[in-house]
Amino acid sequence: MTKKSVRNPQVLLVFEPVLSDNTSLERSFAKELLTIGASLSARVNLPLNGLLLTSEQVGEEARDAFYSDCQASGMQELMEIGICENAGVGSWVEALSCAVRETSPELILFASSAFSSYAAAVLAGELGAKVHTETTRWQIHDQRHLYLERHVLAGSVCVKELAGTLGERVDAKAPILAVLSRSLLLEEPSLLEEKAEDRLQIVRSKWEKEGKTIQLISREPLLRQDVRLEEASIVVAGGRGLGGPEGFKLLKELAELLGGEVAASKQAVNLGWISAEHQVGQTGAKIRADLYIACGISGSIQHKAGIRGAKCIVAINTDPKAAIFQVADYGVVADIYDVVPAMIKKLKKQSRR
Ligand SMILES: Cc1cc2nc3c(=O)[nH]c(=O)nc-3n(C[C@H](O)[C@H](O)[C@H](O)COP(=O)(O)OP(=O)(O)OC[C@H]3O[C@@H](n4cnc5c(N)ncnc54)[C@H](O)[C@@H]3O)c2cc1C
């Protein structure tokens, strides 16, 4: 593959690598990324292309569903690069970097994930570009100026900046790289509709080199539950006030009765009482639940950064001065071990009726 010094006027969507299971395409915000890519590229009148790293293990059904979503988004070309699962993330990022250098897009969009944060950072280093991380909003002014927004200082300040001018970047040294936050991805309703016209071209290639930067030494299964706190309508969260991991069994029971998910403060995660994907806050999930119940959580600024989107906040805390009460719609000054079992009892009684 050869290097090009000019940018191609196109928007490139980089999808999360899909290696084996049939569901990962759905779970990795591919549809949401396509929806945003489709509306953004239409606003600036640039072609939309995609790049997918994938392995042979992925089933036909999952592929076909993804291709029809790509087609519905108006995508023109999908580069599908076959990768070896065992080659490791270093090799996949090298494949991605090589394809990006070859196509020289003006704008590259990723959906927020551990892989995309790493890949975007590596690409930015190689291409001398800036990465716009955790983008919460995008705007186009005068059909070509792209403005991106993100929240800083634990979500208390919103920064809006001109990322670049699209359609005029043919001589630009570096593309614009943006990682879209989960909250932005979830905000965009999936508006993809079946299109009769088949414009999508799929260009397949293979990447078989071993990664130079990161190599796979061993593989251990990660015992994680499939938690998507951002999408839950009811979230019951516990903090250090629970006093130990057993408290989460109680919260799980309450969450199940309410049809919700269990979440936690960073302190509870750090203490090893619950796994990290349950964390809410600045460095965790940003929820948009209809109901958020905070149990034994003090309400630090970092925690509050994750619950701003909740419609109704209920706080249970023994300390009447706890900061969580400043943002709570309903506050209960009491011990959670008195309140939560009483709630469970009441809900069970109601469900028996
Ligand atoms: C860079 C950075 C990023 C961070 N990111 C996050 C983040 O994403 N999410 C996050 O949560 N934190 C984050 N933190 C940590 C944050 O600053 C706080 O330390 C943390 O939120 C506190 O967790 P907590 O409320 O569970 O514990 P504590 O602050 O110790 O509060 C425990 C609360 O439980 C109450 N309590 C005790 N016993 C009971 C009982 N029996 N019944 C009822 N109430 C009781 C107490 O009154 C107290 O208010 C971050 C910090 C930094 C520096």
Side-chain angles (χ1 to χ4, degrees), residues 112-114 117 121 133-136 150-159 179 181-184 186 224-225 227-232 234-255 258 260-289 291-310 313-346:
S112 174
S113 73
S117 301
T133 54
E134 282 301 301
T135 299
T136 49
R150 69 180 196 284
H151 287 97
V152 296
L153 301 175
S156 55
V157 177
C158 176
V159 178
V179 181
S181 69
R182 282 177 162 222
S183 59
L184 170 61
L186 288 166
R224 61 180 287 169
Q225 291 145 18
V227 187
R228 285 183 87 170
L229 293 173
E230 293 90 345
E231 285 168 284
I234 296 178
V235 175
V236 181
R240 186 151 58 175
L242 291 188
E246 308 75 36
F248 280 102
K249 286 193 192 140
L250 205 59
L251 297 197
K252 192 158 185 268
E253 198 177 350
L254 177 61
L258 292 169
E261 295 276 0
V262 174
S265 71
K266 185 169 165 54
Q267 286 290 358
V269 170
N270 287 353
L271 287 161
W273 298 347
I274 191 162
S275 55
E277 68 264 28
H278 293 270
Q279 187 182 316
V280 166
Q282 182 189 337
T283 43
K286 317 276 183 293
I287 62 152
R288 305 179 310 150
L291 174 64
Y292 179 69
I293 307 178
C295 305
I297 292 178
S298 59
S300 64
I301 186 167
Q302 293 90 355
H303 189 80
K304 286 189 285 193
I307 60 172
R308 255 180 253 281
I313 299 174
V314 176
I316 308 165
N317 198 305
T318 44
D319 178 5
K321 292 201 180 109
I324 193 77
F325 289 131
Q326 290 163 11
V327 292
D329 298 284
Y330 299 93
V332 185
V333 181
D335 191 312
I336 44 158
Y337 289 99
D338 291 333
V339 180
V340 176
M343 288 170 80
I344 291 172
K345 200 170 160 196
K346 180 98 182 159

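Remember, it's 1-based here, ligands and their atoms both numbered in the order they're listed. Along the sequence shown, residues carry numbers from 1.
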Separation of Arg182 CZ from Arg288 CZ (nearest 0.5 Å) =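 The distance works out to 12.0 Å.
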
Under-4.0 Å heavy-atom contact with ligand 1, by part of Ala334 that carries it =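 Within the 4.0 Å criterion, Ala334 contacts ligand 1 through backbone atoms alone.
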
Checking the side chain of [X] only, and the main-chain atoms of [Y] only, is there a donor and an acceptor separated by less than 3.5 Å?
X	Y	value
Tyr337	Leu242	yes
His278	Val262	yes
Lys286	Gly281	yes

Please state which protein non-hydrogen atom is closest to [atom] and give its distance, to 0.1 Å?
atom	answer
atom 9 (N) of ligand 1	Val280 O, 2.8 Å
atom 12 (N) of ligand 1	Lys266 CB, 3.2 Å
atom 42 (N) of ligand 1	Ile336 N, 3.0 Å
atom 26 (O) of ligand 1	Ser265 OG, 2.6 Å
atom 25 (O) of ligand 1	Ser298 N, 2.8 Å
atom 47 (O) of ligand 1	Asn317 OD1, 2.7 Å
atom 1 (C) of ligand 1	Gln282 NE2, 4.5 Å
atom 41 (N) of ligand 1	Asp335 OD1, 3.2 Å

Who's closest to [atom] heavy-atom-wise, of [options]?
atom	options	result
atom 20 (C) of ligand 1	His303, Gln279, Gln267	Gln267
atom 37 (C) of ligand 1	Gly284, Gly247, Gly241, Ala237	Gly241
atom 51 (C) of ligand 1	Lys321, Lys286, Gln302, Arg240	Gln302
atom 45 (C) of ligand 1	Thr318, Thr283, Val269, Ile307	Thr318
atom 32 (C) of ligand 1	Ala294, Ser300, Gly296, Gly239	Gly296

Donor-acceptor side-chain pairing of Ser112 and Glu134 below 3.5 angstrom =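 Yes, side-chain donor-acceptor contact under 3.5 Å.
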
Using a distance-only test with no angle check, is there a side-chain donor-acceptor pair under 3.5 angstrom linking Ser181 and Ser183?
->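 Ser181 vs Ser183: donor-acceptor pair found between side chains.
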
At their closest point, which heavy atom of Gly296 faces which heavy atom of Ile336, and how far apart are they?
->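 The answer is N-CG2, 3.9 Å.
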
Grab the two heavy atoms, one from Cys295 and one from Val236, that are nearest each other, plus how far apart they are.
->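 Heavy-atom minimum between the residues: SG-CG1, 4.4 Å.
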
Can you find a heavy atom in the side chain of Leu258 that is under 4.5 Å from one in the side chain of Ile293?
->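 In short, these two side chains touch, coming nearer than 4.5 Å.
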
Report yes if Ala322 has an N/O atom closer than 3.5 Å to an N/O atom of ligand 1; otherwise report no.
->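 Min N/O separation from ligand 1 is not below 3.5 Å for Ala322.
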
